[in-house]
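Just so it is clear: chains get the letters A, B, ... in the order the sequence lines come, proteins before strands, and each one is counted from 1. Model, not experiment: these values are computed from the prediction.
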Amino acid sequence: MTDAQPILEVEDLRTYFFSDSGVVRAVDGVSFHVNAGETLGIVGESGSGKSITAKSVIRLIDEPGRIVSGRIAFRGRNVVTMDAARLRKFRGGEVAMVFQDPMTSLNPVLRIARQLVETMVAHGRFTKKAALRRAVDLLGRMGINAPKRAVDSYPHEFSGGMRQRVMLAMGFSNEPTLLIADEPTTALDVTIQAQILDLLRELNADFGTAIILISHDLGVIANICSRIVVMYAGEVVEEGPAESLLADPRHPYTWALLNAVPRLDRHTPGEKKLITIEGTPPDPADWPAGCRFRARCPFAIEACAEHPALTAIAPGRAARCWVTQRGGALPKVGGGATAAPAQPAAAARAGVSYAAATAASATRGEVLLDVRDVKKHFPLPKTTFFGERRVLHAVDGVDLAVFKGETVGLVGESGCGKSTLGRLIVRLHEPTAGQIAYGGVDITHADPATIRPLRRRLQMIFQDPYASLNPRMTVDEILGWPLKLHGMTQDGAETSARVRELLDVVGLSAQAAGRFPHEFSGGQRQRISIARALAVSPEFIVADEPISALDVNIQAQIINLLIDLQRRFALTYLFIAHDLAVVRHVSDRIVVLYLGKVMEVAPAAALFDMPLHPYTKSLISAAPIPDAAIERRRERVRLTGEPPSAIDVPSGCRFRTRCPIAAERCAAEMPPLAENRPGHWVACHFPGKL
Amino acid sequence: MSAAAIETAAAEQASPRRRWLRRYGLPLAGGCVILFWFAAALLAPVMSSYNPDFVDVANRLQPPTARHLLGTDALGRDVLSRVLYGSRISLIAGFSVVLVGAVFGTVLGGIAAYARGRAEELLMRLTDLVLCFPPIILAMAIAAALGIGTTNTIIAMLVVWWPKYARLARSLVLVQRSQEYVEAAHVLGFGHAHILFRQVIPNAIGPLIVMVTLDLGNAILVFAGLSFLGLGVVPPTPEWGAMVAEGRELVQQWWVATFPGLAILSVVMGFNFVGDGIRDWLDPHARRR
Amino acid sequence: MTNRIPSIDRRGFLGGLGAAGLGAGALGAAGLSAFPGAALAQGRRNALLIGLDIGDSITFDPARLAQYSSPMTLKAVYDTLITMAPGDYINLKPNLATSWEYRADGKAVRFKLRQGLKFASGNPVRAEDVKWSIERVINLKDQPAQYIAHVQGVDIVGADTVDVVLKDPTQPILTILAAPSFAIMDSKLLATQGATAAADAKDADKATTWLNGNSAGSGPYSLTAWERNQQIQMVRNANYWGEKPGFERVVIRHMSESAAQLLALKRGDIDVAFNLIPEQIATIKGDPQIDLIGTASLDYIYMAVSENAEANPALNKKQNRHAIGCAMDYDGIINSLIGGSAVRPANFLPVGVNGATAETTKEIGFKQDLDRAKKLLAEAGNPDGFAFELTYSNNAIAGVSYQNLAQKLQADLARVGIKANLNPIDQVNLRTLYNQGKLQAVLTFWNPPAVENQLWASATVNRVAKRVHWTPPADMMKLVDDASAERDLGKAAALWRTYQQRMVDAAHLFVLIQPVYQIAVRKTVTGFKPTAAGWMAELGGAKPA
Amino acid sequence: MLRYLISRVATAFAMVLLATLVIFLIANTVPGDPALAQLGDLAASNPEFVKAFRAKWGLDLPIWHRYLIFLEGLAHGDFGISIASQRPVLDDIRDFAPATIELATISFILSILIGIPLGILAAVRRDSWIDHVARFVSLIGVSAPTFWLAFIMLALFYGMMEIAPGPGRVDPIAFLPPRVTGLLLIDCVLAKDWETLNDALAHLVLPATVLAAATLGLITRTTRAAMLESLSQDYVRVARAKGLVEPHIVLGHALPNALIPVVTLGGLAYANLLTGAVMTETVFSWPGLGRYTFRSAVSVDFPAIMAITFIVAAVYIAINFLVDLSYAVLDPRAVKR
């Protein structure tokens, strides 16, 4: 890479949006370059301008946006001033782009073949016939089975991962010099993400195509990129080689990003607080004077009142920070090495069921929630009038016990039934079979009247901070109505006092009470949502992916809040998430779910130190770690394919279709959930073999 | 682009007057037209210089003059006065059909979507049934069965009017139903009635209001149409559709049919402008369009 | 003629434009639009084009006739034994019969037939055809049979003589036989089309369908096509015995809108427009290309007021009904509302028939007299007036919309404190409710099936009397019978005058308008003779100018 | 698929029958007696005659029996005989329907051919003059009362300017081609009667324009909104990023998606054109089904009313079905459903 020539040079790029309410300076003086064959990562929170920068490179800015100044030189030619014909040649021919959401990026009414072929034919490199042949080849290369059939399919016949492969095939079809991938894996599950990242790395190596990867996830960036550009508030704040930048950030913002995420490989027992930075990113319509990060920066000095320039601070590294430019260092946090993996027990304690064991185990305290073999089947709408009704086996026989005061993490890929399980527990759904007991009361089929008093004790926090608050109600009503419903306050004054108290508990000011949800940011809304759950003073909270819609820094704030609340109010959590690092961080015990069944249950540390189920192992191995050095060294268990449909579940072990160590036996019988080591249960015929 | 150029671009984009006009101009114009007709309905006796029912056959079919600004009709009645008074029936008919239809349809559709299952199935079949009636036959049959008259015509229109609201309310409630805030309300222990009427329907009301506004014009059109066919009002009640019908044969005396028609056109356009405006206002996504 | 071709050119242009715009047949139409209308213009010279609302026509079988618009066609394709000349509805004229007289015993009328005539088919017109035609009407038992219920049958006396035998000789027959239903038809031809005049004709006769698109008559024209609600086509009958008909073809176009008729007439698309309304008539008065031909009809619009006390006690009082009669502005209605083209009979006999003249109306009819009306109301004990419901249908007859008329009456009656609540309903409901005597007051129409006083008068003392809940005194009934049976025209006229006086006094029926039909005819046509006698116009005499 | 079709047809048939039943019951509450209305004055006063007439038309039977008779006739494809015209209702409909079908179809084609391109242009050039024109035209179209527009057009173009032909399907003098389909345009072509074809087309211009106005407005609006929606989708951005030319992006990528809602609306609009032409037909003396419907309803012509209800409901359902079928063509996602 020493002789690398820059193929793309962006100099002082400014892209503004002339909206009705004023000029939004989304990209405000960005410079960077990409060398031939290089993989460059651009990282930043939402609103940092990273996506607009990428779109500006191929001049795909929607109205009312405009590139107002700067130069984008692609192999010496200025993209900003290109005429329409030249620009068309440039787009798709020399630079390809892959967007975030594979579900919407393909035209739903056109066959895959047409969408691939037109790309190639439009640039005149292939005849229609040759293009079709190449389309089949490319799909095969991207790892799509039966590519000949696949080209004749429509996009809806593919899963998200497959569609992203098609998008990549489309991107590479004209062998571009540069591929811009805008959050290409954000919408995908972690195992699929790993597959796509592998593919990107291979393609980079095979085709020599340079890649700009845009992501908010430092782990993903670390996985692929050799160089990283960090953006904040429309500017580049730091730039440098991946390894050194991630190991030794020189901008407080980078530092904060790195420390806000819990890490899989690093766990400090006892200390659960994450390092967060206060506040929210500044308003792009009105950037603050001086360093734009100053207001939130824990290291700010007087000089920060002046706007710093992006200055080289080491060979290949630059930062826009007065502190580090003057030799200041940013403290190192965490860094505890991984504990040595424990050895699996020679044999499982056969014959004792998980349910029986939990019932017997009185040592861990009071069993608050006891779920026995619970099932939830959703009948699907009939496709034909006389046709057989098909059934979705969302949750298909799950045992789960939660003890008072603990946090149980529930992990699994999307569609594994974790959210359904959460909703069964709070009885939003009625179970198809099995039993649920809460605090000793059977609530499996309890009617609303019976369950109402229990509602006070059992609450839920939802994933989407936008959908989970009624937009027509003020915060006062959102928090006050439940109080009145349950007769917890006697009059208006008492109610509003309690509402203020709740707002204070979740870190919001009392003024928030009179406002509507849309006046708050995502993080603040999630705080309101938490306050609503706390309003009725519950003892048990089901938290359904409470942070997955938030930026990393806000995630850290919410995690800290949840942990804090647990301590203050002696809460018990069932914490549902797909992010293994977060689950590990907050949970005492972890339950791994796959296709509606429990695969493994273990204390958090034990699960990560020594996963026994091949699925758990592959999940852990697929999760990227924001450390380029570690990422490069890691050995991975790669899962092939995608999870089967919960409508037609595989016989025997549900995981066998993707399991690297599946044997004949696995197809014949479903392994029971058995205790392998004390407190560590696994449903596998060959635990720990992988 | 220089700094000055950016300022210019920004100024041009956000020129407050242009922006204001673009966003509020048409809805405001529509609002003014509607206000005018409301005023006419309320103040018709003050605004018109003749009794709308005053028959003066000696002065029949006078072209517009200073005495009769819009001329006189076949019975010598002042067209202007009748057009002004005509706004009463049109507005009353439009509002009562749409409001009653909307409330009835929304409650039915809301309950069906919320309850799902049999109730929903039944309601949807019922709306299908009403929708496949030939509307003219139904309206005429009902008008014939009940007799001609404003109230009866409104009833006839209501029979065919509510299903579209039921359908819209159903789809809106279905969307809202699956929102997490509804689940949250369940988890908090709120009852079904509270959730449907206090939480779900208020959130579904936006598109309904847009539809109601756009629909008002439509209802006025349909009522005028039925009236034109002789199924609307009992004479000598001044009504625009009936007035067009009276003047339909009078090609030479164009003023008899033209002005009431223009009145219908203006009020319907007014409601359309306002409806579009409300939609843009309620749905910022649509505003971009 | 000169103004037609350019207008067609413009239309051709628009047609081409339309074709191109519609994308249908664009090439063909646009290519041909260079020479449009040449053949159309050629066709016009030989054809008489009439615009008329023929939406009511449901049959062209004379024996089943019960509509308003079809008689004109029937009268043009068929001959009757005797007929009436336009304008004279008292004296009958010969047609197929050259002379007629009551048989000595008074029980039959003997007709002498014109000799040597041929039907359009070429078959000779024979006495057998006369017998067959009239007996078919009787045996079909359809509506026209009602009018000759007192006819026994027809006897053939000789090749040139027939007797129409009567069951009840006091009832009138001659005027009825002049009506188009009693057309003399080509029985030989019709036998091949399934027609029969036998006693079982009601079920056995199958010729109506054929007669709906063809004719079997001896009139000046022959029916060649009837497309429902579109047009009626006739061609010249080469075998016609009278003066050679002026046109090769007659086309009656269905035009239900008077505005459409007016515009079509002005542009020369049609030669004759029948259904113009007074406002439109006013605009073409003085048009150099158009003649207006007026004929007082025998139709009229009347208001019937029920004396049913249960429905409305006020109307039960004769003074109140008289007050209504005195409050209405008859002259205003006729002079302003319909531009003067109407007359008004005193009561239920139209001006123009025996015993009814405009003079009679002046002498014995109601006149507007508001003071008298108020006085009558006070006498009846309703000094502040009363309210009643006036029902009408949403139709227009002879260009007069009931709607306008009702509103005018409402305004008139309001001046003496009588409140008429208008109740527009559809025609079917109106006829039903009126027939059942369930309406307080109704505005409706009378159109005679044949020009015969007895048909009017007996209705008023029988059927219509029931509808208004009136029981006529016995001497009234006798008066009608006597007048009908009186064969001396002068004596009959006096009796009919008394009849009208009695009717005015009873004050159940108020005849408001007897329209003078204004038929607009382009000057390219001459000899177009309208008639009030039920068949609207004699088409035989019309010729190109 | 076959099962699906069968169940669909069965449901549709049940709906149609239910519709006829409802109309039957409503129509029976009308006081009007077709016997008294149809008979001449003298005949109507003759109880015997009236009785015979009522018996002939089955008016004397109990109400349920009459409905059964209707159903029985229906099973034989027989709608009975119209009381008003005294011939098979089907013949009446065969006479009137083609005029309406012709008018509605031409109007529909007109509104599609103008509305869709106009909507596309308006969306692509948002806020340009063409967008404003399109919005204005569509607004006038949906706001103007059809009957009034018809009056104005006729008075203006025929009455005053004399550039358009008058009411009716053809010139009064025209020789009509032999009736094959009843659709005048097609019959003219079959008979190679170009002159009458030209005349018939000219006569179609005004009524078709009037009738198309509202539909045109709706289609333009819907197309514009759907195009704006689909132009803002990711796949359009992808297409741009691929370097495709703009016309291809608009017509090849955005349009196929935007057509889906347009087709739904278009289907309904066509059904409404077929059944809602009564006012246009009234003003233009168009001998169509709308007028026939109106007349039948006014004269309480039971067989005709029932037949029209049946046919209109069936057409409505059939068009809905066709719309659903067209989804399968336009939207591959629908097939899976």
Side-chain angles (χ1 to χ4, degrees), chain A residues 54-55 57-63 84-112 114-116 118-124 153-157 166-167 170-171 173-174 176 179-180 182 381-387, chain D residues 1-14 123-128 131 226 228-263 326-337:
Chain A
K55 283 179 192 152
V57 168
I58 56 168
R59 277 178 52 193
L60 258 188
I61 303 297
D62 293 327
E63 277 292 311
R86 182 72 198 95
L87 185 65
R88 271 204 304 277
K89 248 184 117 179
F90 167 71
R91 291 173 176 172
E94 290 161 317
V95 177
M97 189 152 179
V98 174
F99 294 89
Q100 172 171 356
D101 191 350
M103 306 309 276
T104 58
S105 290
L106 286 165
N107 195 328
V109 304
L110 304 179
R111 286 181 202 279
I112 300 291
R114 193 173 147 192
Q115 303 193 43
L116 278 167
E118 68 180 6
T119 318
M120 294 185 251
V121 174
H123 290 281
S153 310
Y154 286 100
H156 72 270
E157 297 168 55
V166 172
M167 289 306 296
M170 206 180 284
S173 59
N174 284 319
L179 176 81
I180 302 173
D182 186 359
K382 285 186 185 178
T383 42
T384 69
F385 191 74
F386 302 101
Chain D
M1 192 62 198
L2 186 68
R3 275 180 166 181
Y4 170 73
L5 266 179
I6 291 171
S7 79
R8 188 93 199 231
V9 168
T11 322
F13 194 71
V124 171
R125 306 235 179 287
R126 193 172 71 215
D127 283 336
S128 69
D131 187 18
L228 283 175
E229 170 83 38
S230 103
L231 280 172
S232 71
Q233 294 292 311
D234 280 351
Y235 52 78
V236 168
R237 196 171 300 135
V238 169
R240 292 219 169 90
K242 291 196 311 197
L244 302 181
V245 292
E246 201 61 17
H248 182 80
I249 294 172
V250 172
L251 301 178
H253 278 267
L255 185 61
N257 285 283
L259 277 181
I260 296 164
V262 174
V263 162
S326 69
Y327 280 162
V329 179
L330 290 170
D331 188 355
R333 287 166 295 187
V335 180
K336 215 173 168 188
R337 254 194 298 125

**Request:** Flag yes if more than 12 heavy atoms outside D:R125 fall under 6.0 Å of its CZ atom; otherwise flag no.
**Result:**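 12 or below, so no.
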
**Prompt:** What option among A:P155, A:A122, A:A96, A:P108 has the most heavy-atom pairs under 4.5 Å with chain D?
**Reply:** A:P108

**Message:** So which residue, A:T104, A:I180, A:N107, A:V98, ends up with the most heavy-atom pairs under 4.5 Å with chain D?
**Reply:**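 If we count pairs closer than 4.5 Å to chain D, A:N107 comes out on top.
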
**Message:** Please determine whether side chain to side chain contact (heavy atoms under 4.5 Å, CB included) holds for the pair D:R237 and A:D62, giving the CA-CA distance in whole Å, both sets of side-chain angles, and the decisive distance to 0.1 Å.
**Reply:** CA-CA 9 Å; D:R237 196 171 300 135; A:D62 293 327; 3.3 Å; yes

**Prompt:** Could you walk me through whether A:V109 and D:I260 pass the side chain to side chain contact (heavy atoms under 4.5 Å, CB included) check?
**Reply:** CA-CA 10 Å; A:V109 304; D:I260 296 164; 4.1 Å; yes

Is it the side chain or the backbone of [X] that comes within 4.5 Å of chain D heavy atoms, both, or neither?
X: A:K89; answer: neither
X: A:I58; answer: side chain
X: A:M103; answer: neither
X: A:N174; answer: neither
X: A:V95; answer: backbone
X: A:R59; answer: neither

**Prompt:** If you look at every heavy atom in D:V238 and A:F99, which pair is closest and at what distance?
**Reply:**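 Shortest heavy-atom contact: CG2-CD1, 3.3 Å.
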
**Fill in**
For D:A241 and A:M97, the nearest pair of non-hydrogen atoms, with its separation, is CB-CB, 4.2 Å

**Asked** Are the side chain of D:H253 and the backbone N or O of A:Q115 linked by a donor-acceptor pair below 3.5 Å?
**Response**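 Side chain of D:H253 to backbone of A:Q115: no pair is present.
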
**Asked** Once you round to the nearest 0.5 Å, how far does NZ of D:K242 lie from CD of A:E118?
**Response**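 Those atoms lie 4.0 Å apart.
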
**Asked** Under a 4.5 Å heavy-atom cut-off, does chain A meet the side chain of D:V245, its backbone, both or neither?
**Response** both

